[in-house]
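First listed ligand is number 1; within each ligand, the first listed atom is number 1.
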Amino acid sequence: MKLTLETLQDTARLAEIVAAHSRPRDMILLAGEMGAGKTTFTQSFGRALGVTEPITSPTFNLLHNYGTGRMALHHADLYRLERTGELTDLGLDELQDSGGVVIVEWGDIVGDDLGDALIIKISHSEDVDKVESRTVEIDLRGAQWANRWQKLTDELVAKLNSSVRGLTQ
Ligand SMILES: Nc1ncnc2c1ncn2[C@@H]1O[C@H](COP(=O)(O)OP(=O)(O)OP(=O)(O)O)[C@@H](O)[C@H]1O
Ligand SMILES: [Mg+2]
């Protein structure tokens, strides 16, 4: 499905809704160019889970872990991944198995390696004057999110209604 978010507040709302539908062992991949809003999305997602620590970009460390929410949040950023072996070293599979939710910025650059996931691609508006406007495409891969997809997209339509444009669910 495709949404248009007009403001930063809409991105926060999107993150809150996705967080409300998230369960232990979920994988969420965030795609989109630099400055699109992947870290910003994760900050709102984490706050919605109840994470109390500040959530900062894991661009340099590749992975940050937060344990204060209703489930663990593991936040990775693959932008600086130099060898595919490094992906294995990060141990995202094990973290996922241990019962947290894993959010991966630039998760699209490793192809299908991360398995079943909700995939959220955030893009800047074509209109450069609309600094807070973003286009968001949400897709799923595999069975993990399949049985929640209808409820999730229904809620996004209902609660981000004023911002939904050209819905192609
Ligand atoms: N609707 C919006 N959604 C998300 N971020 C927005 C929005 N409007 C403005 N912004 C701003 O855009 C910037 C997004 O930066 P952010 O670090 O989240 O991007 P990123 O996708 O994580 O980039 P990188 O690939 O460098 O990690 C922030 O300064 C944020 O305040
Ligand atoms: Mg980022």
- Item | Exceeds 12 heavy-atom contacts within 6.0 angstrom, atom CD of E86 | yes

- Message: Working to the nearest 0.5 angstrom, can you tell me the gap between D26 CG and H21 NE2?
- Response: 11.5 Å

Suppose I only count heavy atoms of [X] and a 4.0 Å limit; which atoms of ligand 1 are within that range?
| X | result |
| --- | --- |
| T7 | 1 (N) |
| E33 | 21 (O) |
| W106 | 25 (O) |
| T11 | 1 (N), 2 (C), 3 (N), 4 (C) |
| A36 | 4 (C), 19 (O), 21 (O) |
| G37 | 4 (C), 5 (N), 14 (C), 16 (P), 18 (O), 19 (O), 20 (P), 21 (O) |
| E105 | 22 (O), 27 (O) |

- Note on the structure: The answer for which part of I122 has a heavy atom under 4.0 Å from ligand 1 is neither

Among all protein heavy atoms, pick out the one at the shortest distance from [atom]; state its residue, atom name and that distance to 0.1 Å.
| atom | value |
| --- | --- |
| atom 28 (C) of ligand 1 | T40 OG1, 3.8 Å |
| atom 14 (C) of ligand 1 | G35 O, 3.3 Å |
| atom 8 (N) of ligand 1 | E132 CA, 3.3 Å |
| atom 7 (C) of ligand 1 | L8 CD1, 3.3 Å |
| atom 9 (C) of ligand 1 | R134 NH2, 3.5 Å |
| atom 24 (P) of ligand 1 | K38 NZ, 3.8 Å |

- Task: Examine T59 and say whether one of its N/O/S atoms is closer to the Mg ion (ligand 2) than 2.8 Å.
- Result: no

- From CA spacing to verdict: side-chain contact (heavy atoms from CB on, under 4.5 Å), M71, L49: CA-CA 7 Å; M71 57 187 166; L49 286 188; 4.0 Å; yes

- Message: What is the name of the N/O/S atom of E105 that is nearest to the Mg ion (ligand 2)?
- Response: OE1

- Ionic contact status for D139 with K121, cut-off 4.0 Å: no

- Item | Sub-4.0 Å protein heavy atom next to atom 16 (P) of ligand 1 | yes

